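Read the structure below first, then the notes.
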Amino acid sequence: MASRQAPLCGLAPCCPWLLGIVLLVDASARPANHSSARERAGNREENEILPPDHLNGVKLETDGHLNKDFHQEVFLGKDTDDFEEDTEPRNRRRKLMVIFSKVDLNTDRRISAKEMQNWIMQKTAENFQEAVAKSRVHFQAVDPDGDSHVSWDEYKVKFLVTKGHNDREVAEKIKNKWDLNINEETQEVLENLKDRWYLADNPPPDLLLTESEFLSFLNSEHSRGMQRFMVKEIIRDLDQDGDKQFSLSEFISLPVGTVENQQGQDIDDGCVRDRKREFEELIDANHDGIVTMVELEDYMDPMNEFSALNEAKQMIATADESQNHYLEPEEVLKYSEFFTGSKLVDYAHSMHEEF
């Protein structure tokens with residue numbers, strides 16, 4: 001992130017030469033890793049046409065890590081940003097109670113697992129709609145001629161331009177089947193993208209993606225075939241013995257040598273506990289200690305009602321201090337950090353104010 005710079009405009013009227021020196025020093029003192037405008041533009045364009053690493057409302061990231069924001073995404077939905085931007089505690093408390101009343105369909109001032117399941121499905125649908133809107137914009141970026149489809153070669157040109165290549169030169173090389181002169185890392189990414197492209201290309205395959213196919217290409221959760229592709233990728237990364245499934249020990253294992261101090265150890269210990277709980281309570285559906293591709297597909301499917309119900313039960317259990325299998329207003333307020341990512345500091349005052 002760019003650091004804030006002190007205003008310099010006040011120096012100009014009295015010492016223009018000093019202003020020049022300060023500007024020169026300020027520019028030379030900036031960290032070397034600050035990206036240029038061209039690099040930032042390239043990164044922005046790359047983000048627009050590449051499948052995202054993070055999918056809202058999906059339990060696992062594409063690299064196999066748990067989505068740490070999942071509970072907030074399925075509880076707040078499209079209101080997440082609005083909730084985070086409002087720093088006034090009183091407003092946050094009231095917004096939280098407004099959400100509570102929406103989830104509480106029968107207005108008995110408590111949330112059942114079924115009500116939470118319905119809410120999760122509703123928020124997941126919102127995430128889908130948002131992804132569709134973004135995909136439509138990104139499709140237009142890769143379909144400048146507006147012919148309603150994008151070829152693999154057209155996409156490849158756009159991708160390589162984000163890597164600093166000249167679009168005309170790349171297009172000419174592709175047309176004449178010349179060597180693209182790209183590094184191994186870029187080539188590996190291209191091969192992975194082409195695999196996704198083939199899977200998103202509905203039969204009969206023509207390597208031309210329509211807008212709906214491009215949506216599946218960018219967002220794996222919008223296509224069963226693409227979900228299966230993402231599941232295979234995750235299992236490939238987690239599976240250590242090559243049996244195309246994974247055990248609890250494989251799921252919770254962490255790279256050797258990543259812990260440098262006690263704080264890092266505590267973080268890793270917490271990560272292991274979270275992954276163990278997720279494996280045992282939600283992913284391993286038949287509780288045999290092994291997760292198959294089918295089990296992971298069901299777990300990863302954001303529109304799977306059975307998975308949504310299990311998630312609802314787990315979310316309620318996290319805050320259910322009364323052990324009555326329901327969520328009550330005071331429990332949601334007390335565990336606000338779990339549901340919204342923001343902790344209400346003065347819980348006692350919150351209770352007094354709301355009730």
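Just so you know, residue 1 is the first one in the sequence shown, and it goes up from there. Computed from a predicted structure; not experimentally measured.
- By the 6.0 Å contact criterion, CD on Glu88 is enclosed, its count of non-hydrogen atoms from other residues, nucleotides or ligands being greater than 12.
- Side chains of Asp104 and Asn106 form a contact here, defined as non-hydrogen atoms less than 4.5 Å apart.
- With respect to the salt-bridge test (charged N to carboxylate O, under 4.0 angstrom), the residues Glu115 and Arg110 do not qualify.
- In Glu184, the CD atom is not crowded: 12 or fewer heavy atoms of neighbouring residues, nucleotides or ligands sit closer than 6.0 Å.
- In terms of modelled atom types and a separation under 3.5 Å, the side chain of Glu297 and the main chain of Gln227 share no donor-acceptor contact.
- Counting heavy-atom neighbours within 6.0 Å of Lys232 NZ, excluding the residue itself, gives a total of 12 or less.
- Between Asp301 and Arg224 there is a side-chain heavy-atom pair separated by less than 4.5 Å.
- By the 6.0 Å contact criterion, CD on Glu188 is open, its count of non-hydrogen atoms from other residues, nucleotides or ligands being 12 or less.
- Counted within 6.0 Å of NZ on Lys134, heavy atoms from surrounding residues, nucleotides or ligands total 12 or fewer; the atom is thus considered open.
- Taking all atoms of both residues into account, the shortest heavy-atom contact from Leu55 to Glu73 is O-OE1, 4.2 Å.
- Contact annotation: the side chain of Thr124 approaches that of Met303 to within less than 4.5 Å [non-hydrogen atoms, C-beta and beyond].
- The number of heavy-atom neighbours closer than 6.0 Å to NE2 of His54, taken from other residues, nucleotides and ligands shown, is above 12.
- Two residues are said to be in side-chain contact when any heavy atoms from C-beta on lie closer than 4.5 Å; Thr340 and Lys95 fail this criterion.
- The minimum heavy-atom distance linking Phe279 with Ile290 is given by the pair CZ-N, 4.3 Å.
- Using a 4.5 Å cut-off on side-chain heavy atoms (C-beta onward), Glu172 and Arg168 make no contact.
- His71 is listed as a side-chain neighbour of Glu311, based on a closest heavy-atom distance under 4.5 Å.
- Under the side-chain contact (heavy atoms from CB on, under 4.5 Å) rule, Met300 has a single partner from Leu296, Asp298, Asn304, which is Leu296.
- Relative orientation of the Tyr155 and Phe217 rings is perpendicular, given thresholds of 30° and 60° on the angle between their planes.
- For CD of Gln240, the number of neighbouring non-hydrogen atoms (other residues, nucleotides, ligands) closer than 6.0 Å is greater than 12.
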